[in-house]
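Contents: one structure, followed by commentary.
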Amino acid sequence: GDTAEEAGGKGGKGGESGNTFHGECPPWGPVQRGSSALLASRRFRRHALLLCYPPPRAPMAAECLAAFCGDTVVHVGEWLGDTG
């Protein structure tokens, strides 16, 4: 398999860019802690909401969907499975 170093990366050291897959762009972006209430802000109306394997049987995903003021949602997980 391809390791980060084989792929031209920097061995997994955080914050460094410049690898075969992303050029000079970092392969990730900043992540900040938030709450579902923040998603009601009009500043997010042109953003997409990404729900990546939301916790099963927890209200977090439903609360985020109810509060989100944008119109684009991306769900990563099982459609009718544990995270659906």
Side-chain angles (χ1 to χ4, degrees):
D2 289 338
T3 66
E5 290 183 19
E6 289 171 345
K10 304 294 184 188
K13 295 180 182 176
E16 296 184 31
S17 64
N19 63 54
T20 302
F21 301 110
H22 299 96
E24 292 303 315
C25 297
W28 59 84
V31 175
Q32 299 173 345
R33 185 173 299 274
S35 70
S36 59
L38 291 173
L39 296 172
S41 171
R42 293 189 50 79
R43 73 182 196 153
F44 293 117
R45 71 180 185 274
R46 290 189 170 161
H47 288 75
L49 173 62
L50 171 63
L51 294 172
C52 184
Y53 284 92
R57 294 172 291 287
M60 184 274 292
E63 291 170 357
C64 289
L65 287 170
F68 184 54
C69 65
D71 60 6
T72 303
V73 175
V74 178
H75 174 259
V76 178
E78 302 121 338
W79 179 248
L80 295 174
D82 203 28
T83 63

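Model, not experiment: these values are computed from the prediction. If you read the sequence from its start, that first residue is 1, and numbering goes on from there.
Residue pairs meeting the salt bridge (charged side-chain N to carboxylate O under 4.0 Å, His left out) criterion with at least one member in residues 58-77, sequence neighbours excluded, do not occur. Sorted by first and then second residue, the salt bridge (charged side-chain N to carboxylate O under 4.0 Å, His left out) pairs with a member in residues 49-60 read R57-D82; sequence neighbours excluded.
Note on Y53: it clusters hydrophobically with L50, by side-chain heavy-atom contacts below 4.5 Å among ILVMFWY residues.
Shown here for V76 and P54, the closest heavy-atom pair between the two residues is O-CD, 4.1 Å.
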List the atom pairs, donor and acceptor, that lie under 3.5 Å between side-chain atoms in residues 39-46 and the rest of the protein, sequence neighbours left out.
| from | atom 1 | to | atom 2 | distance (Å) |
| --- | --- | --- | --- | --- |
| S41 | OG | R43 | N | 3.3 |
| R45 | NH1 | R42 | O | 3.1 |

